[in-house]
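Lettering of chains follows the sequences in order, A, B, ..., and the numbering in each one begins at 1.
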There are 2 protein chains.
Amino acid sequence: MSVHVSERSVRRLSLYRRFLLHAQASGSCYLFSHDIATATRTSAAQVRRDLMAISSSGTASRGYHVADLLKSISHFLDAPAPQHVALIGLGNLGRAVFAYFVGRHPNLRITLTFDIDPAKTCRLINGCPCHNIHELNDLCPTHGIRMAILTVPATEAQTVTDMLVRGGIRGIVNFAPVTLYVPVGVFVETMDFSISLETAAFFSRA
Amino acid sequence: MSVHVSERSVRRLSLYRRFLLHAQASGSCYLFSHDIATATRTSAAQVRRDLMAISSSGTASRGYHVADLLKSISHFLDAPAPQHVALIGLGNLGRAVFAYFVGRHPNLRITLTFDIDPAKTCRLINGCPCHNIHELNDLCPTHGIRMAILTVPATEAQTVTDMLVRGGIRGIVNFAPVTLYVPVGVFVETMDFSISLETAAFFSRA
DNA sequence: CCCTTGCTGTGAATGATTTCACGGTGTGAA
DNA sequence: TTCACACCGTGAAATCATTCACAGCAAGGG
């Protein structure tokens with residue numbers, strides 16, 4: 001288990017899991033690697049390798065047992081207990097992300113939100129209390145939060161990131177169109193619309 | 001110019017450009033490859049390679065001329081004329097994306113939006129007409145639209161994608177948490193919250 | 001029971017991407 | 001003018017990721 005699994009494999013495993021959940025819901029009990037592959041736009045060999053990496057195994061001429069596989073992947077990907085997540089910035093995007101999030105990730109819970117606007121703080125948003133951003137340093141450690149979603153304006157992103165890092169956050173999903181500076185050991189996942197848009201624009205031309 | 005440039009290089013070039021615009025705005029005239037590298041979290045050698053790929057060049061002991069570099073990158077990345085973009089789905093996320101988009105990409109313009117909800121269609125949203133989704137097939141070709149942003153529910157994503165492909169779209173930025181099937185030649189950029197979130201959650205644990 | 005089929009698991013090969021390392025060059029100082 | 005320096009451009013090496021290809025095996029048919 002302690003073997004190194006690459007970031008890309010982790011991403012694909014997450015994809016496989018999503019597909020497997022759908023497949024299970026529609027009654028599949030066994031699946032071949034190429035079924036998973038076509039559903040997630042990859043190759044059968046890739047699927048087998050990824051599954052090998054988390055030492056789950058299938059049987060020849062029957063394939064992988066969906067329920068077992070889900071258990072393996074979840075055991076690998078998920079923390080033993082649900083992880084708590086902070087959401088920073090409750091503008092349009094922050095609220096849309098929150099709404100999207102709800103009910104979709106049983107193992108991840110947005111338990112705290114922060115904003116700098118006094119009109120938003122001290123109220124419940126989606127049933128979750130919104131605090132002033134300056135309480136971040138205190139609240140994150142006491143709530144055992146190690147992960148944050150950042151939906152603040154680009155100009156504030158680095159400042160808030162520094163606060164998050166000081167508050168003990170080790171993983172950040174950043175929606176602001178800036179490159180964040182973080183110390184080693186802090187993982188940043190950038191959801192960069194601008195870059196994605198421009199990339200798609202580029203490749204949409206023959 | 002017709003040399004092959006990898007997808008990753010294109011992404012980085014887009015990042016470089018964003019940084020260069022900031023740098024130019026704050027008065028930089030020349031920059032070294034390692035300046036660009038630290039600002040975009042990559043290596044100096046990587047920057048030089050990427051810039052080499054689009055055959056822009058710097059001078060020793062002065063570095064790259066920011067204005068020239070911007071011109072080269074934009075010449076490489078951008079279409080000769082602004083590209084028109086369709087936005088499909090005007091729920092929370094769609095509107096947030098639209099709001100985010102406005103004024104940020106001079107070379108990309110959202111000129112048409114679509115939804116299936118009659119309450120939304122036939123009205124202006126952000127000064128842009130919203131049409132019923134069934135007009136998609138007619139309107140995209142007549143407006144010369146080759147690129148779309150997809151912010152519809154996951155259940156509808158594939159159906160709408162098929163319509164888009166039939167309407168001649170060649171690039172899709174997909175926000176729905178599903179894997180889309182498209183014919184070869186159509187580029188799909190997936191902005192997948194779920195996967196990013198789970199990946200960050202995974203790596204936020206030691 | 002034996003043969004055929006089509007799958008998994010995996011070493012080896014290939015391909016893609018990044019980094020190394022160094023020649024060549026322009027700049028500023030002595 | 002000459003020297004030292006630091007940078008760019010780039011072949012070569014190293015690293016990382018994916019695909020190939022095949023041994024071994026389980027299941028079903030005759």
Side-chain angles (χ1 to χ4, degrees), chain A residues 1 3-16 20 23 28-70 72-73 76 179 184 187 195 199 202-203, chain B residues 1 3-16 20 23 28-70 72-73 76 179 184 187 195 199 202-203:
Chain A
M1 174 61 69
V3 217
H4 180 254
V5 177
S6 76
E7 192 180 314
R8 304 179 101 154
S9 286
V10 170
R11 278 206 160 71
R12 281 191 300 264
L13 285 166
S14 177
L15 259 180
Y16 301 159
L20 290 168
S28 300
C29 190
Y30 283 91
L31 287 172
F32 297 124
S33 58
H34 65 257
D35 297 323
I36 304 176
T38 53
T40 56
R41 311 261 84 178
T42 181
S43 69
Q46 185 74 81
V47 171
R48 294 202 297 273
R49 264 221 189 286
D50 288 332
L51 297 182
M52 199 173 71
I54 59 167
S55 46
S56 32
S57 60
T59 57
S61 58
R62 184 161 297 181
Y64 295 88
H65 187 261
V66 175
D68 286 356
L69 200 46
L70 275 169
S72 299
I73 295 179
F76 174 77
T179 307
V184 291
F187 181 88
I195 305 304
T199 306
F202 180 85
F203 287 105
Chain B
M1 176 61 69
V3 219
H4 180 256
V5 178
S6 76
E7 192 179 314
R8 303 181 100 154
S9 288
V10 169
R11 277 205 160 73
R12 281 190 301 262
L13 285 166
S14 178
L15 259 181
Y16 302 158
L20 290 168
S28 300
C29 189
Y30 284 90
L31 287 172
F32 296 123
S33 58
H34 63 256
D35 296 323
I36 304 176
T38 52
T40 56
R41 310 262 86 177
T42 180
S43 70
Q46 184 75 81
V47 171
R48 293 203 298 273
R49 264 222 189 286
D50 288 333
L51 296 183
M52 198 173 72
I54 61 166
S55 45
S56 32
S57 59
T59 58
S61 57
R62 185 159 296 180
Y64 294 89
H65 186 261
V66 175
D68 285 357
L69 200 47
L70 275 168
S72 297
I73 296 179
F76 175 76
T179 307
V184 291
F187 181 87
I195 305 303
T199 306
F202 179 84
F203 286 106

Item to complete: Please list, chain by chain and in numerical order, all residues satisfying side chain to side chain donor-acceptor pair (under 3.5 Å) with A:S57, sequence neighbours excluded.
Response: none

Item to complete: Check each residue of residues 43-52 of chain B for a non-hydrogen atom within less than 4.0 Å of any atom in DNA chain C, then write out the ones that pass by number, or none.
Response: B:S43, B:Q46, B:R48, B:R49

Practice prompt. Sort and list the pairs that fulfil salt bridge (charged side-chain N to carboxylate O under 4.0 Å, His left out) and have at least one residue in residues 50-59 of chain A, not counting sequence neighbours.
Written response: A:R12-A:D50

Worksheet item: CZ/B:F32 to OH/B:Y64 distance, rounded to the nearest 0.5 angstrom?
Response: 11.0 Å

Worksheet item: With B:A67, which residues qualify under side-chain contact (heavy atoms from CB on, under 4.5 Å), at least two apart?
Response: B:Q24, B:H65

Worksheet item: Rounding to a whole Å, what distance do you find between A:H65:NE2 and C:dT8:C1'?
Response: 17 Å

Discussion item. For the backbone of A:D68 and the side chain of A:S72, can you confirm whether one donor and one acceptor N or O come within less than 3.5 Å of each other?
Written reply: yes

Worksheet item: Where do B:L20 and B:V66 come nearest, in terms of heavy atoms and distance?
Response: O-CG1, 3.9 Å

Practice prompt. Could you check which residues of residues 32-39 of chain A get a heavy atom under 4.0 Å from DNA chain C? Sort them by number, please.
Written response: A:F32, A:S33, A:H34

Fill in: B:F202 side chain reached by A:L13 side chain, heavy atoms, under 4.5 Å
no

Worksheet item: Mind checking what makes side chain to side chain donor-acceptor pair (under 3.5 Å) contact with B:T59, not counting sequence neighbours?
Response: none

Discussion item. Reading DNA chain D from 5' onward, which residue's closest nucleotide shows up sooner: B:S57 or A:T42?
Written reply: B:S57

Worksheet item: Any ring pair (Phe, Tyr, Trp, His ring centres under 6.0 Å) pairs touching residues 37-56 of chain B, not counting sequence neighbours?
Response: none

Worksheet, complete the sentence: Under a 4.0 Å heavy-atom criterion, DNA chain D is touched by chain B from D:dC7 to D:dA12

Discussion item. Can you measure B:L13 atom CG to C:dT17 atom P for me and round it to whole angstrom units?
Written reply: 13 Å

Worksheet item: What pairs with B:F187 under side-chain contact (heavy atoms from CB on, under 4.5 Å), at least two apart in sequence or on another chain?
Response: A:T199, A:A200, A:F203, B:E7, B:E189

Can you give me every donor-acceptor pair (side chain of residues 38-49 of chain B, partner residue at least two apart or in another chain, under 3.5 Å) with its distance?
from  : atom 1 : to    : atom 2 : distance (Å)
B:T38 : OG1    : B:H34 : O      : 3.1
B:T38 : OG1    : B:D35 : O      : 3.1
B:T40 : OG1    : B:I36 : O      : 2.7
B:S43 : OG     : B:Q46 : N      : 3.1
B:R48 : NH1    : B:S33 : OG     : 3.4

Worksheet item: Can you name the nearest heavy-atom pair linking A:L31 to A:A23, along with the distance?
Response: CD1-CB, 3.9 Å

Worksheet item: Does B:Y16 reach the side chain of B:L69, with side-chain heavy atoms less than 4.5 Å apart?
Response: no

Could I get a table of every N or O pair under 3.5 Å where one atom is in the protein and the other is in nucleotides 25-30 of chain C?
from   : atom 1 : to    : atom 2 : distance (Å)
C:dT27 : O4'    : B:S61 : OG     : 3.2

Response to the item:
B:R11 atom CZ is separated from C:dA16 atom P, nearest whole Å, by 17 Å

